[in-house]
Amino acid sequence: QLQLVESGGGLVQSGGSLRLSCSASGYTLNWLAIGWFRQAPGKERERVSCISATEGGGGDGSTYYADSVKGRFTISRDDAKNTVYLQMNSLKPEDTAVYYCAAVQYYCSGLNYDIKYWGKGALVTVSS
């Protein structure tokens, strides 16, 4: 059974940086596309970024970023460590949210459908 665990959240000042990690267990990360979502209080969940499985894992390694984070956030994967990272730079108060990672097979487009595997979330708070 695939399990996802987020880590790296915390409190940071505006303009600062954090790196979130999404660690997978119970399944080989190679075959998975991993997406990062966030949900702020009173707001709908937003897809922030995604990275498809690498070519060796049936995907193409492509990435996606929401316009709100483009140029500030970078997603990467280390399949040997079964971990996907979200490097967040130039953080703004509006980035404050609980960040979740989610997994589907192969391509990020799979996140458009029912997502079976979610982590429990990591809180990111950006103070002004």
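Taking all atoms of both residues into account, the shortest heavy-atom contact from Leu29 to Arg77 is O-NH2, 2.8 Å. Contact record, Leu2 with Ala24: CD1-CB, 4.0 Å, taken as the closest heavy-atom pair. Minimum interatomic distance between Asp60 and Ser62 (heavy atoms only, all atoms of both residues): OD1-OG, 2.7 Å. Scanning both residues, Leu18 and Gly9, for their nearest heavy atoms gives CD1-C, 4.5 Å.
Without hydrogens or angle criteria, Ser52 side chain to Cys108 main chain gives a donor-acceptor distance under 3.5 Å. At distances below 3.5 Å, not a single donor-acceptor pair connects side-chain atoms of Thr83 with backbone N or O atoms of Asp78. Counting only distance, with no hydrogens or angles, the side chain of Arg72 and the backbone of Ser90 share a donor-acceptor pair below 3.5 Å. Checked by atom type and distance alone, the side chain of Asp79 never pairs as donor or acceptor with a backbone atom of Val84 at under 3.5 Å.
Here the straight-line distance linking atom OH of Tyr64 with atom CD1 of Ile75 works out to 11.0 Å at 0.5 Å rounding. Between the CD1 atom of Ile34 and the CG atom of Leu86 there is a distance of 12.0 Å, given to the nearest 0.5 Å. If you take OG on Ser21 and CG on Leu4, they are separated by 12.5 Å, rounding to the nearest 0.5 Å. Between the CD atom of Gln87 and the OG atom of Ser49 there is a distance of 12.0 Å, given to the nearest 0.5 Å.
Side-chain heavy atoms closer than 4.5 Å link hydrophobic residues (I, L, V, M, F, W, Y) into clusters, and following such links, even through other members, never connects Ile51 to Phe37. Follow the hydrophobic side-chain contacts under 4.5 Å out from Val48 and you reach Leu32 in the same cluster.
Among residues at least two apart or in separate chains, there is no ring pair (Phe, Tyr, Trp, His ring centres under 6.0 Å) pair with a member in residues 66-108. Pairs passing the ring pair (Phe, Tyr, Trp, His ring centres under 6.0 Å) check and including a residue from residues 5-26, sequence neighbours excluded, do not occur.
Counting only heavy atoms from C-beta outward, the side chains of Glu94 and Ser14 never approach each other to under 4.5 Å. Between Trp36 and Glu46, the closest side-chain pair of non-hydrogen atoms is not below 4.5 Å. Contact of the Met88 side chain with the Asp95 side chain is not registered, since no non-hydrogen atoms from C-beta on lie closer than 4.5 Å.
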Going by atom type alone, with no hydrogens or angles, which donor-acceptor pairs under 3.5 Å involve a side-chain atom of residues 110-128 and a protein atom two or more places apart or on another chain?
residue, atom, partner, partner atom, Å
Asn112, OD1, Arg47, NH2, 2.7
Asn112, ND2, Ser109, O, 3.2
Trp118, NE1, Ile115, O, 3.3

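A donor atom on one side chain and an acceptor atom on the other are not found under 3.5 Å apart for Asn30 and Thr28. For the residue pair Ser23/Glu6, the side-chain donor-acceptor check at 3.5 Å is not satisfied.
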For this session: Test side chain to side chain contact (heavy atoms under 4.5 Å, CB included) on Val69 and Arg38 and set out the steps.
Result: CA-CA 12 Å; Val69 306; Arg38 67 186 180 186; 4.0 Å; yes
